[in-house]
Number of protein chains: 2
Amino acid sequence: MAQSDTVDRILDAAEELFAERGFSETSLRMITSKAKVNLAAVNYHFGSKNALIHAVFARFLTPYSATLESAFDQLEAECQGGEPPSLNRILWALTESAVRMPQRNERGISIFMRLLGLAYTQSQGHLRKFLEEEYSQPFGRFMSLLKEATPELSAVDRYWRIQFMLGATAFTMSSSDALIGILETKIGVETSVQEIAARLVPFLAAGMKAPEKLQMPPLGSDIELA
Amino acid sequence: MAQSDTVDRILDAAEELFAERGFSETSLRMITSKAKVNLAAVNYHFGSKNALIHAVFARFLTPYSATLESAFDQLEAECQGGEPPSLNRILWALTESAVRMPQRNERGISIFMRLLGLAYTQSQGHLRKFLEEEYSQPFGRFMSLLKEATPELSAVDRYWRIQFMLGATAFTMSSSDALIGILETKIGVETSVQEIAARLVPFLAAGMKAPEKLQMPPLGSDIELA
DNA sequence: GTACGTTTCAAACATACGTTTGAAACGTAA
DNA sequence: TTACGTTTCAAACGTATGTTTGAAACGTAC
């Protein structure tokens, strides 16, 4: 083990603990003791705790972002000249690319989904900044594909509906383990992350294509709602 | 100020800081210095930081839960005998009840939405337990109303779609301030929390009523998607 | 085998946290 | 005024955190 596996052991432990407990709630001592390495190893190999957090994301996100780019390439190639890619296809490209990730079993993917959810929710200014700087390109491409697929939406409507999609996805995937467990004990049905995605995609697509926004009845009135 | 206003000053400061920064990232020293009270006041009046967190939620949630119950009562009364309340009406009852909350301006509501989102996202075991124990009844009622409004869904489908709804709502509301800000600088449009709700409700309703779940194509295949 | 760059390790460092303490200040009723 | 329960306050406590340190161990090339 020339370039010792200490680095990977730390990344593995950190990834799991961050996903379980969040960033601030996970101490370097928890990480190093789970990884069975010395406490100082994190600062030696990564420099700081924040840099470790970035490294955890980069290890997954960099190859994922590459996979995603080529999936988008293929999507656009298939549809050149004709009508733009449908909403379902765009959304599915995201999840398909995740599933195709090498070196990542299903559990690895669900862990990472939770991390992405946390990244968006916990303030952690440095993280948001890091992600925006490093991965703005595939995100921007996803946005413009979405725009082509929903030309009927106003910019404002599209903006909010994209936030709703992000929320439903990040939230569900971030708790997918727990939610799968609850469903199994309550109804006795086993579910995979892919199956969740297969249910999520049409939900999101339908939401994006939903009719006009609701008229808000004035406070205290009893106007009938559709 | 017989029962000094220290308690309320602490609650106000804590509410805002928790919403801005999350629970673990907000220290008692930040809270007490923002509230301009002594550090020891929190432990004197509330007992512990966790108890303070509970108190922040209880101050909003207890009256809200009462308002919600009566909204559900009214909803069921209107529809007795006939068809059950529609999805849109159920969802709208939630947001309408929030808006009706006395002593809460719009900013107060948006702060609290963010807190609810954080409560669901940050692990914070004690908080989830507290909320489940204190407010299980209105939640259970909401669930059974949802069941009546979507009889066409299987239990499994309904389970997952409820999670999607919770996610979109919690996530969006938890970042509503930031998202409104972004939209304002990018497109120059001002938005209120009520307007977000007015866009969210039809999105959710459409998602709940979406057609069948997607067939997942085998890995690596190039099967066409609808 | 010796020298040297890299990695590990135990220990300590400075700092921030939630909480506790005991005395001072306050308000009120006798 | 006196006495007493309540509230405030500065200070300290114990603990946990991220980070740094300097020596030891390791691996490799000469």
Side-chain angles (χ1 to χ4, degrees), chain A residues 1-59 115 118-119 122-127 129-130, chain B residues 1-59 115 118-119 122-127 129-130:
Chain A
M1 41 188 89
Q3 161 70 11
S4 85
D5 61 348
T6 302
V7 168
D8 289 306
R9 297 247 296 284
I10 292 175
L11 286 174
D12 288 339
E15 187 176 289
E16 268 196 69
L17 285 172
F18 285 151
E20 272 173 27
R21 319 174 32 94
F23 303 108
S24 331
E25 293 81 0
T26 302
S27 72
L28 292 186
R29 283 167 178 82
M30 293 177 197
I31 295 172
T32 53
S33 100
K34 172 165 188 148
K36 295 201 172 71
V37 303
N38 186 274
L39 167 61
V42 169
N43 285 280
Y44 175 75
H45 286 286
F46 297 94
S48 70
K49 183 183 179 180
N50 279 354
L52 168 62
I53 296 177
H54 296 174
V56 166
F57 276 87
R59 182 168 65 150
L115 282 183
L118 286 182
Q122 318 221 157
S123 15
Q124 294 285 355
H126 68 98
L127 219 191
K129 197 170 170 187
F130 168 79
Chain B
M1 41 187 91
Q3 161 69 11
S4 87
D5 62 346
T6 302
V7 168
D8 289 306
R9 296 248 296 285
I10 293 175
L11 285 174
D12 288 339
E15 187 176 287
E16 268 196 68
L17 286 173
F18 285 151
E20 273 173 28
R21 320 175 32 95
F23 304 108
S24 332
E25 293 81 0
T26 302
S27 71
L28 292 187
R29 283 168 177 81
M30 293 177 199
I31 295 172
T32 52
S33 101
K34 172 166 187 148
K36 296 202 172 69
V37 303
N38 186 271
L39 167 61
V42 169
N43 284 279
Y44 175 76
H45 286 287
F46 297 93
S48 71
K49 184 183 178 179
N50 279 353
L52 169 62
I53 297 177
H54 297 175
V56 166
F57 276 86
R59 183 169 65 151
L115 283 182
L118 287 181
Q122 319 221 156
S123 14
Q124 295 285 357
H126 68 96
L127 220 191
K129 197 170 169 188
F130 169 78

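All chains are named by letter (A, B, ...) in the order of the sequence lines, taking the proteins before the strands, and each is independently numbered beginning at 1. All heavy atoms count here, side chains included; hydrogens, waters and symmetry mates do not.
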| field | Reported CG-to-NE2 distance for the pair A:Asp8 and A:His45, which is rounded to 0.5 angstrom | value | 10.5 Å
| task | Take the protein atom CD of B:Glu25 and the nucleotide atom C1' of C:dA16, then report the distance between them rounded to whole Å. | result | 14 Å
| said: So which atom in A:Ala13 and which in A:Ile31 form the shortest heavy-atom distance, rounded to 0.1 Å? | reply: CB-O, 3.7 Å
| request: Using a 4.5 Å cut-off on heavy atoms from C-beta on, say whether the side chain of A:Phe46 contacts that of A:Leu11. | output: yes
| field | Phosphate-side-chain proximity, B:Thr6 and D:dT8, N/O vs OP1/OP2 below 4.0 Å | value | yes
| query | How many angstroms lie between atom CZ of A:Phe23 and atom CD of B:Glu25, to the nearest 0.5 angstrom? | reply | 10.5 Å
| Whole-Å distance separating the CZ atom of A:Phe46 from the P atom of C:dT8 | 11 Å
| task | Indicate the ring-plane relationship of A:Phe130 and A:His54, choosing parallel, tilted or perpendicular according to the 30° and 60° boundaries. | result | parallel
| note | Note: A:Ala14 and A:Val56 closest approach over all heavy atoms is CB-CG2, 3.9 Å
| field | Distance, rounded to the nearest Å, where B:Asp5 contributes CG and D:dT7 contributes C1' | value | 12 Å
| request: Let me have a per-nucleotide readout for nucleotides 18-24 of chain D, 5' to 3', with B, S or -, counting only protein heavy atoms under 4.0 Å. | output: BBBB---
| remark: In terms of heavy-atom contacts, B:Leu118 and B:Gly22 come closest through CD1-CA, 3.9 Å
| said: Nearest whole Å is fine: how far is C:dT15 P from B:Met30 CE? | reply: 17 Å
| query | Starting at CG of B:Leu17 and ending at P of C:dG18, how long is that distance when rounded to a whole Å? | reply | 12 Å
| query | Can you tell me how far C1' of D:dT8 sits from CD1 of B:Ile10, to the nearest Å? | reply | 11 Å
| request: Heavy atoms only: give me the nearest A:Leu17-A:Thr26 pair and the separation to one decimal. | output: O-OG1, 3.3 Å
| message | Counting only side-chain nitrogens and oxygens, does A:His45 get under 4.0 Å of the OP1 or OP2 atom of C:dT6? | response | no
| said: Going by salt bridge (charged side-chain N to carboxylate O under 4.0 Å, His left out), B:Glu16 matches just one of B:Arg9, B:Lys34, B:Arg21. Which one? | reply: B:Lys34
| query | Quick one: bend of the helix from C:dG1-D:dC30 to C:dA30-D:dT1 from 5 pairs per end, to 10°? | reply | 10°
